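Encoded as structure tokens, the structure appears first; notes follow it.
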There are 2 protein chains.
Amino acid sequence: MASTRIREARERDCADILRMIRVKPAGWKTECRGAGSGVVGAGEELAEYEQLSHQVKISEEALRADGFGENPFFHCLVAEVVPASGELQGQGIGTKIIKKVAEVALQKGCSQVRLAVLDWNKKAMDLYKSLGAQDLTEAEGWRSFRFEEEAMKEMAGC
Amino acid sequence: MASTRIREARERDCADILRMIRVKPAGWKTECRGAGSGVVGAGEELAEYEQLSHQVKISEEALRADGFGENPFFHCLVAEVVPASGELQGQGIGTKIIKKVAEVALQKGCSQVRLAVLDWNKKAMDLYKSLGAQDLTEAEGWRSFRFEEEAMKEMAGC
């Protein structure tokens with residue numbers, strides 16, 4: 001049985017964090033979730049698993065600047081698993097991390113944690129629901145909209 | 001024709017901001033949108049218009065603490081309209097604010113602006129789409145999940 005430790009991410013974790021955002025290394029089940037510095041928590045999941053790898057544009061340098069500057073854009077927790085090999089799914093690492101996110105969020109004075117989940121990821125949705133989350137898209141009709149940089153520049157008149 | 005000025009919110013605007021989050025004053029079309037301190041922008045719309053007034057729990061004191069402390073949870077823009085009377089819908093104030101949000105977000109190094117919209121609010125969705133936004137719930141299947149404080153405390157073992 002592997003042992004798991006959840007800790008705050010450090011600046012030198014950024015190369016690993018970027019790899020985990022992009023791809024799922026063999027035999028490695030990792031969740032990287034941020035307790036947003038805002039009232040709303042932000043979630044980050046594996047782009048490859050989500051079939052959205054092509055959307056990952058961020059660099060290690062940008063991750064360092066965004067997460068470890070004076071007024072960080074995100075906070076990140078990492079799970080260290082010993083031994084770091086074998087298939088790690090089903091050991092409750094995701095549950096441990098999301099519980100820690102709730103703890104950190106409460107400490108920071110947050111009154112909600114929000115997550116974005118893809119509708120085919122039933123496993124994740126079931127986990128969040130089992131822990132007391134509500135599907136706002138289903139319950140209230142919330143939709144998520146995104147402006148990309150090109151549209152932002154157009155709007156700003158750049 | 002009324003004239004509109006978009007400016008950064010100040011701490012003393014908090015009473016007005018709270019009123020605008022809760023209800024839509026007669027003859028007053030106001031949008032209050034935050035450029036999140038995170039990579040992701042956060043949107044705030046009128047709870048009464050959204051039929052969600054009962055969900056507004058925040059106090060003026062909490063707004064002051066969250067928005068004007070050392071590491072703010074949110075940033076806010078307000079539109080000042082002169083004269084502040086008459087029906088102000090259809091004068092493009094929403095468009096002006098969302099364009100300013102894009103400008104501020106670019107200045108802060110954000111690469112995206114995300115918004116949450118209720119699915120029956122076709123007017124807002126049409127506006128965002130006309131400005132280049134993509135409906136991620138429709139295009140990629142993103143759903144929004146929320147943990148409330150009670151579930152967070154349960155998870156954190158409080």
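Chain A is the first sequence line, chain B the second, and so forth, proteins listed ahead of strands; every chain is numbered from 1. Basis for what follows: all heavy atoms, side chains included, without hydrogens, waters or symmetry-related copies. Source: prediction; values computed, not measured.
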Q: With sequence neighbours excluded, give me every salt bridge (Lys or Arg N to Asp or Glu O under 4.0 Å) pair touching residues 126-137 of chain B.
A: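 Listed once each, the pairs are A:R143-B:D135, B:K122-B:D126.
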
(Q) At a heavy-atom distance under 4.5 Å, which candidate from B:K57, B:K100, B:M125 has the highest pair count against chain A? (A) B:M125

Q.
Set out, in order, the CA-CA distance, both residues' side-chain angles and the distance that settles side chain to side chain contact (heavy atoms under 4.5 Å, CB included) for B:W142 and A:L118, then state yes or no.
A. CA-CA 5 Å; B:W142 288 104; A:L118 283 164; 3.6 Å; yes

Q. When rounded to the nearest 0.5 angstrom, what is the spacing between CZ in B:F73 and OG in A:S111?
A. 8.5 Å

Q.
Nearest 0.5 Å, please: how far is CZ in B:F145 from CD in A:Q134?
A.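 Output value for this atom pair is 9.5 Å.
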
**Q.** Same apolar cluster: A:F68 and A:V104, side chain cutoff 4.5 Å
**A.** no

**Q.** Among the listed options A:A133, A:A102, A:G132, A:A139, the residue most often paired with chain B at heavy-atom distances under 4.5 Å
**A.** A:A133

Q) Does B:S144 reach the main-chain N or O of A:T137 with its side chain, forming a donor-acceptor pair under 3.5 Å? A) no

Kindly list each side-chain donor-acceptor pair under 3.5 angstrom involving residues 148-158 of chain A, sequence neighbours excluded, with atom names and distances?
{"unit_1": "A:E148", "atom_1": "OE2", "unit_2": "A:R146", "atom_2": "NE", "d": "3.1"}
{"unit_1": "A:E148", "atom_1": "OE2", "unit_2": "A:R146", "atom_2": "NH2", "d": "3.4"}

Q.
Within the structure provided, determine whether B:I98 and A:F147 are in side-chain contact (heavy-atom separation under 4.5 Å).
A. yes

